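Because the structure is predicted, anything quoted here is derived from the model rather than measured.
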Amino acid sequence: MGSALWLLLLFGVAAAVALFAGNNQGSVTLFWPPYRIDLSLNLVLLLLVATFFFLHAVMRALSALFDLPRQALRWRTQQKERAIHGLLLDTISHLLAGRYIRARKSAEAVLQQETSLTASGHEPANGAQLRAIAHILAAESSQALQDRTAREEHLKGALEQASARDAQGTRDGAVLRAARWALEDREPEAAMELLRSLPQGAARRTVALRTRLRASRQGGQPMEALETARLLAKHHAFSDVAALSIVRGLAIDLLNGAYDVAQLQRAWGSLEPAERLVPEVAIHAAQRLMALRGDARLARDWLLPVWEAQAGLSDSLRVKLVCALEEGLDSLDGAWLARIEAAQKANPRDATLQYLAGMACMRRQLWGKAQQLLTQAALGLQDAALHRNAWRALAELAEQREDAPAAALAWKRAAGD
């Protein structure tokens, strides 16, 4: 469509020129004493147009001639910038390929080329960021080469260059890399200090939180690690299964860090409600409380949600739950005894529940019922420790009845013969 319009416009101009010049009888007379020159008006107009185009071409040629030095300088500057970016790509390629010495040499060559270009008065627009990235890559190579002196020198240079206005974003990357290097050198305190220097927005990024998690775990700070893991789980940095596993492990570490009952209660109170419902965490907390000679009633309160959901637990967890409850059977109240008996009656073939109910009856001196339940449990228990404890309890019951043959047989079974 555009071509057709231009063609129509060209035809219109040609027709106008033909109408004007075809019957133009005008003339132009030049008097240069003693000469007189007569020219047609059409010729004069053609000469004027030709003179205009000639002068325009001459001016363009002169402009191009005088601009040659500037163009040459611009070309040389572009060649240096291309060389710098080529060296930067070589640095990244060598670093990915594990050629750390070559990578560091290429990064240092980038810095030299950039310094030379800046000294000539043609600093790149992104010069500060370019220098910061080159220093970071050189420091990364030095870290791989275990050259801490060179690493610290390049890191210092990267942070100095990243403090410029146009390279603020690069500073966060330099700090995060430095924190990771500190973790590789087993210096969690230095890593945490670097992470604290990040802006608030950068500190809440997933990569920063992952680094903080590693640093807090490495530094033996389970509470800090647990809070960081919660944030990562909210940001969906892990799958649901992985998040549960990490939080569970950190919660157990937090409980293990308590060395008296008061500390353990504070640690338990710092857990979120959902974390207290995790079977492994609740069972471990109860066992830890009993190991610290705490209140068995409090331990059973912690275990109550797990007990109510014990039908959905795996066999290993149910065994751990039974072991945790067994440690506090001496102070078992009527409500808990009723719960145990109801669960055993609901699952009469469950050897684990038979064992727990039998031990509870034995502690409450219900000898006959205890012997019946423990005998049934001993024949079906798969866990070695519970199986041994069941036969040991049967041996003690037999001794109370002064049944020496039955006691000897029970002790023999308890010993694994």
Side-chain angles (χ1 to χ4, degrees), residues 183 188 191-192 195 203-292 294-328 339 343 352-353 356 382-386:
L183 289 178
M192 291 296 290
L195 291 172
R204 295 181 68 86
R205 294 172 190 164
T206 301
V207 62
L209 291 176
R210 286 180 181 271
T211 307
R212 184 182 296 275
L213 176 61
R214 287 182 57 194
S216 55
R217 295 185 72 174
Q218 194 177 109
Q221 302 176 12
M223 192 63 215
E224 178 77 19
L226 183 58
E227 292 176 354
T228 306
R230 290 168 181 167
L231 286 175
L232 284 169
K234 291 179 181 178
H235 292 173
H236 302 288
F238 309 116
S239 64
D240 293 339
V241 176
L244 177 61
S245 176
I246 292 173
V247 171
R248 180 176 62 233
L250 292 173
I252 291 175
D253 290 341
L254 180 63
L255 296 173
N256 286 335
Y259 295 100
D260 57 46
V261 175
Q263 287 183 349
L264 183 63
Q265 289 179 338
R266 286 194 297 269
W268 177 259
S270 65
L271 298 179
E272 294 184 350
E275 295 166 356
R276 298 175 196 165
L277 296 178
V278 177
E280 293 88 345
V281 175
I283 292 172
H284 188 80
Q287 291 177 334
R288 184 70 178 163
L289 181 61
M290 296 305 298
L292 295 174
D295 188 358
R297 296 181 179 84
L298 180 59
R300 286 194 292 270
D301 290 341
W302 293 353
L303 290 173
L304 181 57
V306 181
W307 173 262
E308 292 175 347
Q310 55 93 18
L313 300 179
S314 63
D315 291 341
S316 60
L317 281 178
R318 293 175 72 246
V319 169
K320 291 181 179 179
L321 176 61
V322 166
C323 293
L325 289 171
E326 183 184 0
E327 295 181 14
R339 291 190 186 100
T352 305
L353 291 177
L356 180 61
Q382 301 297 321
D383 184 77
L386 295 186

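- Within the model, atoms CH2 of Trp302 and CG of Leu271 stand 9.5 Å from one another, a figure rounded to the nearest 0.5 Å.
- The shortest heavy-atom contact between Gly328 and Ala296 is CA-CB, 3.9 Å.
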Trace of the side-chain contact (heavy atoms from CB on, under 4.5 Å) decision for Asp315 with Thr352: CA-CA 9 Å; Asp315 291 341; Thr352 305; over 6 Å; no
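- Taking both residues in full, the closest heavy atoms of Ala343 and Gln310 are given as CB-NE2, 4.2 Å, listed atom of the first, atom of the second, then distance.
- Remark: Leu226 CG to Ile252 CD1 distance equals 11.5 Å, nearest 0.5 Å.
- Distance check: Glu326 CD to Gln287 CD gives 11.0 Å after rounding to the nearest 0.5 Å.
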List, one per line, each side-chain donor-acceptor pair under 3.5 Å for residues 316-324, sequence neighbours excluded.
{"unit_1": "Ser316", "atom_1": "OG", "unit_2": "Ser314", "atom_2": "OG", "d": "3.3"}
{"unit_1": "Arg318", "atom_1": "NH1", "unit_2": "Asp350", "atom_2": "OD2", "d": "3.2"}
{"unit_1": "Arg318", "atom_1": "NH2", "unit_2": "Asp350", "atom_2": "OD1", "d": "3.4"}
{"unit_1": "Arg318", "atom_1": "NH2", "unit_2": "Asp350", "atom_2": "OD2", "d": "2.1"}

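- The CG atom of Leu255 sits 11.0 Å away from the CG atom of Leu250 when rounded to the nearest 0.5 Å.
- Taken to the nearest 0.5 Å, the CD atom of Gln218 stands 11.5 Å off from the OG1 atom of Thr211.
- Closest of all the heavy-atom pairs between Ala282 and Val306 is CB-CG2, 3.5 Å.
- Here the closest non-hydrogen pair linking Ala208 and Ala203 is CB-O, 3.7 Å.
- Legend: salt bridge (Lys or Arg N to Asp or Glu O under 4.0 Å) pairs involving residues 210-223, not counting sequence neighbours, sorted by first then second residue: Arg212-Glu224.
- In this structure Arg276 satisfies the salt bridge (charged side-chain N to carboxylate O under 4.0 Å, His left out) test with no other residue, sequence neighbours excluded.
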Return all side-chain donor-acceptor pairs below 3.5 angstrom for residues 229-236, not counting sequence neighbours, or 'none' if the list is empty.
{"unit_1": "Arg230", "atom_1": "NE", "unit_2": "Glu275", "atom_2": "OE2", "d": "2.8"}
{"unit_1": "Arg230", "atom_1": "NH2", "unit_2": "Ser270", "atom_2": "O", "d": "3.2"}
{"unit_1": "Arg230", "atom_1": "NH2", "unit_2": "Glu275", "atom_2": "OE1", "d": "2.8"}

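- Every residue meeting the side-chain contact (heavy atoms from CB on, under 4.5 Å) condition with Ala191, not counting sequence neighbours, appears here in chain and number order: Ala179, Ala182, Leu183, Ala215.
- Listed here is the closest heavy atom pair of Ala258 and Leu292: O-CD1, 4.1 Å.
- No donor-acceptor pair under 3.5 Å is formed between the side chain of Arg339 and the backbone N or O of Trp307.
- Counting only residues at least two apart or on different chains, the side chain to side chain donor-acceptor pair (under 3.5 Å) pairs with a member in residues 240-269 are Asn256-His284.
- Scanning all heavy atoms of the two residues, the minimum distance from Leu303 to Leu325 falls at CD1-CD2, 3.7 Å.
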